[in-house]
Amino acid sequence: MDRHSPIDDPERLVATGVLRRYEDGRLHPALGYSPISYVSTRLWDELTALAIAPSAATTTAHALLRAIAADAVDAALAPGNERAPHNDLYVTHPAYIGPHRRVVWFQRAGPRGLIIATLPPGS
């Protein structure tokens, strides 16, 4: 599995509009009981676009992200990744997000860092 390096300064990416703060605060068992702290703007926009009404966009995105996170697995457990660090990247099976099936990454920003939900590069 091809992975990019951990994101060292998520707040810099918030300032540039690449990430947004995620204010849910729930702990996710599949993510090592960590909360999701940031979501890529691209993923957030795709999740909110799935809402039936604009007034439900935020609630819809929160519910979908929680459901997606519940199915995440540690990428180090995938065949060929045995030497990868544990708990730095969690991946999901492809799920429909909009018209396409997509994998979602939950990546730590540094050791024991915050979790960032994003779509993999190139997807």
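Nothing fancy with the numbering, it's 1 onward along the sequence.
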Test item: side-chain donor near acceptor, Gln107 and Tyr90, under 3.5 Å: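 No, no side-chain donor-acceptor pair sits under 3.5 Å.
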
Distance, nearest 0.5 Å, that separates OG of Ser37 from CD of Glu23: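 Ser37 OG to Glu23 CD: 9.0 Å, rounded to 0.5 Å.
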
Inter-residue atom distance Asp45.CG - Leu50.CG, 0.5 Å rounding: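 The CG atom of Leu50 is 11.0 Å from CG of Asp45, to the nearest 0.5 Å.
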
Closest heavy-atom pair and its distance - [X], [Y]:
{"X": "Ile36", "Y": "Ala117", "result": "CG2-CB, 4.1 Å"}
{"X": "Ala30", "Y": "Ala70", "result": "CB-O, 3.7 Å"}
{"X": "Asn81", "Y": "Ala75", "result": "ND2-O, 3.0 Å"}

Side chain to side chain contact (heavy atoms under 4.5 Å, CB included) between Arg21 and Tyr38, worked out: CA-CA 5 Å; Arg21 286 179 202 88; Tyr38 298 91; 3.8 Å; yes

So [Y] and [X], do their side chains get closer than 4.5 Å, heavy atoms only?
{"X": "Thr118", "Y": "Val104", "answer": "no"}
{"X": "Leu119", "Y": "Trp105", "answer": "no"}
{"X": "Phe106", "Y": "His28", "answer": "no"}
{"X": "Thr41", "Y": "Val18", "answer": "no"}
{"X": "Leu43", "Y": "Leu65", "answer": "yes"}
{"X": "Ile68", "Y": "Leu47", "answer": "yes"}

Pair listing, salt bridge (Lys or Arg N to Asp or Glu O under 4.0 Å) test, anchored in residues 92-102, at least two apart: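 Every pair satisfying salt bridge (Lys or Arg N to Asp or Glu O under 4.0 Å) with a residue in residues 92-102: Glu46-Arg102.
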
All pairs passing salt bridge (Lys or Arg N to Asp or Glu O under 4.0 Å) where residues 67-78 contributes a residue, at least two apart: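 Matches after skipping sequence neighbours: none remain.
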
Hydrophobic cluster identity match, Val73 and Leu89, side-chain contacts under 4.5 Å: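 Both belong to a single hydrophobic cluster.
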
Pairs meeting criterion side chain to side chain donor-acceptor pair (under 3.5 Å) with involvement of residues 57-68, two or more places apart: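 Output for this query lists Tyr22-His62, Asp24-Arg66.
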
Going by the rule side chain to side chain contact (heavy atoms under 4.5 Å, CB included), which residues pair with [X] if we only count those two or more places apart in sequence or in a different chain?
{"X": "Thr48", "answer": "Trp44, Ala57, Ala61"}
{"X": "Ser34", "answer": "Arg108, Ile115"}
{"X": "Ser55", "answer": "Ala53"}

